[in-house]
Every structure is written in C-alpha cells, then in structure tokens.
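To keep things clear, I will list the structure first and then write my remarks on it.
Keep in mind it's a predicted model, so treat the numbers as computed, not measured. Counting starts at 1 for both ligands and their atoms, following the listed order. Scope of the values below: all heavy atoms of this structure, side chains included, with no hydrogens, waters or symmetry mates.
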Amino acid sequence: MLNIVDQLRMVPEVARLAQRTPRDPVTAWEGYWSRIGTTGTQGEVLWDAEIGLEADQYAQAIDRFMDRGLPIIDGGCGNGRWTRWLAGRFPSALGVDVADSAVRRAAHESQELPSVAFRTADLTAPGAGLLLHEEHGDANVFVRGVFHVLRPPQRKELGRNLRDIVGDRGRVLLTETNFRGNPLSYLQSLGARPGNIPAPLRRAIGGIPVPGHFGPAERRAAFPDGSWTVLADGPVTIEAVPMSGRTSTSIPGYLAMLGAR
Ligand SMILES: C[S@@+](CC[C@H](N)C(=O)[O-])C[C@H]1O[C@@H](n2cnc3c(N)ncnc32)[C@H](O)[C@@H]1O
C-alpha cells in the first residue's frame, strides 16, 4: 500500500543518499559499476533480474518486426544479461556501455559466448552512431532502461545516434520503465520503507542519475515523427530483483518498436 506519510518519513534518508551521486553521469555510472560485487537475481544490481517472463514480451516483437539476419547492438548493456539473450536470436550481438567497469564485467560474464562482444562508448556522443554503422552496417538495436535515466537533450542525442545505426533495414526495440508517480512513491512501490531501504535501491539512489518516467510523449521527443515510424508500442512489465521478501518486483514499463522513416 502506497502511503504518503511513509513517503515523507523517507525524505531525509533518501536526500542523504542522493547527495553522494556524482553530478557527471559518466562518472556516476562508472562509480556505480566499479563497486558492484554480485549480479543476478540475488545480486546488487536493481534491474538485473530473471529475464524469463519479460523476455517473452520482447521475443514476440523481435520475431514480428526485426530482420534476424542483421546484427544487434544492445545500447547501455550494463553487465550484458540481455546482450547474451539477444546473441541467441541474431548472428552477433554487441553490448555498448558508457561505463568501462560494466563492459569489463559483461565480458567476464559472457566468456563462453563467441558471438557476443562488448565496447565502452557514450551513445549520446555526436558521431557514435555513425562509427558503429561504419563497422556493422545496418543493425538492429535493443535498449532497456537507458532513456529514462537520461535528461531530455541526451535522449535526443541517443535517438539521433540510433537513427544512424539502424540505417534502412535495422529496427529499435525500446523498453523503459514508466512509473507515473513521484520518485518517493516509486521507491515505495519497489519495497522501500522508512528506515528500511533495500540494498539494491540504496546503491541506485546513492550512485546513479535519478530515473524519470518514459512513455509515448517522451518517446516522441527522442524519436521525432519526421525520422521514425512506430511499428508497435504499448505497456510492458519490467522485472527488477526481488526485494523485501518478495519473489519478484515488477515495474510498469513502455515498449516501442521503431523503424527509420
Ligand atoms: C538501468 S541500466 C540498464 C542496463 C541494461 N540495459 C539492462 O537492462 O540490464 C542503464 C545502463 O545504461 C548505461 N548508460 C547510461 N548512459 C549511457 C550512455 N550515454 N551511453 C551508453 N550507456 C549508457 C549505464 O552505464 C547502465 O549500464
């Protein structure tokens, strides 16, 4: 049950934690990943959950709309859980992340998979998309949980780079959390209570940029109608690691499949 009094009682602790987050997002992400000791369902990374049910939602969209003969790029791949899943569906999968520590961890966790590679790069940097297109030609792109942690100008830059990567034949499968309440009610929905904020959440509050919501309006701003066609979009359920005695933690999300116009 979401309770406004509990939300207010959490303010001092949340504010204290949030003060630790570096202002520069690249520094913040590198710091976050460099301090992660364990990943997976019992690990420290909030969004690194069981992928089964969530993946079923994406598999259908991939089969319907993506050319599975093209390579796929996992933009903002983190520790590469989804890059590895994608590698089973495309000839090759490249995970790209701005945090070198994330990329090193992803490579370590993917040692057994020959069709997976990882790269450190800022996907909001001008020209990043053109460079990847020069290397791979038209490619598909998967993005999970990256736009909602970027500010609007960076969202536009990322959208522009994705346009260069997909060329004429690639498509973008975008999946983002889209919780519509305030940041405190979001924390509460994930299991935070006054004096009891679960460890994966504490790490996120004190380490990475504050997430925003990302739905159709935010997508339209980052993927303007003049450059993109929406092939499908709608609600999706995104899984986070279980917290506070739960077996799973689900977050309302938004999915879009996009092609270049
Ligand atoms: C919420 S995590 C999601 C990770 C992964 N997509 C997943 O779902 O497991 C967001 C990821 O985006 C990465 N990221 C943030 N800004 C980025 C940027 N400008 N370029 C590339 N990666 C970025 C972060 O380092 C982090 O690993």
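Under a 4.0 Å heavy-atom criterion, Asp122 is in contact with ligand 1. Within the structure, ligand 1 has Ala121 among the residues with a heavy atom less than 4.0 angstrom away. Using a 4.0 angstrom heavy-atom cutoff, Trp33 counts as in contact with ligand 1. Using 4.0 Å as the threshold, Cys77 has a heavy atom nearer than that to some atom of ligand 1. Residue contact annotation: Asp48 has no non-hydrogen atom under 4.0 Å from ligand 1.
Within 6.0 Å of CD on Glu135 lie more than 12 heavy atoms contributed by other residues, nucleotides or ligands. Summarising the local packing, CG of Leu53 is surrounded by 12 or fewer heavy atoms from other residues, nucleotides or ligands at distances under 6.0 Å.
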Steps toward side-chain contact (heavy atoms from CB on, under 4.5 Å) verdict (Ile62, Arg171)
CA-CA 9 Å; Ile62 286 172; Arg171 300 241 156 115; over 6 Å; no
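Among protein heavy atoms, atom 20 (N) of ligand 1 sits closest to Leu123 N, 3.0 Å. At the top of the distance list for atom 25 (O) of ligand 1, counting protein heavy atoms only, stands Asp97 OD1, 2.6 Å. Taking atom 11 (C) of ligand 1 as the reference point, the nearest protein heavy-atom neighbour is Gly76 O, 3.7 Å. At the shortest separation from atom 1 (C) of ligand 1 among protein heavy atoms lies Gly145 O, 3.1 Å. Looking from atom 8 (O) of ligand 1 to the surrounding protein, the closest heavy atom is Arg144 NH1, 2.7 Å. Scanning the protein for heavy atoms near atom 15 (C) of ligand 1, the closest one is Trp29 NE1, 3.5 Å. Looking only at heavy atoms of the protein, atom 9 (O) of ligand 1 is closest to Trp47 CD1, 3.3 Å.
A ring-centre distance under 6.0 Å is not found for Phe90 and Trp82. Phe179 has its ring centre no less than 6.0 Å from the ring centre of Phe214.
Checked by atom type, the side-chain pair Tyr254/Thr175 shows no donor-acceptor distance below 3.5 Å. With 3.5 Å as the limit, one finds a donor-acceptor pair spanning the side chains of Ser110 and Arg84. Remark: the Ser185 side chain and the Gln7 side chain contain no N/O donor-acceptor pair separated by less than 3.5 Å. Of the N and O atoms on the side chains of Arg180 and Asn178, at least one donor lies less than 3.5 Å from an acceptor on the other residue.
If you check each of Thr124, Val98, Val149 against atom 17 (C) of ligand 1, the one with the closest non-hydrogen atom is Val98.
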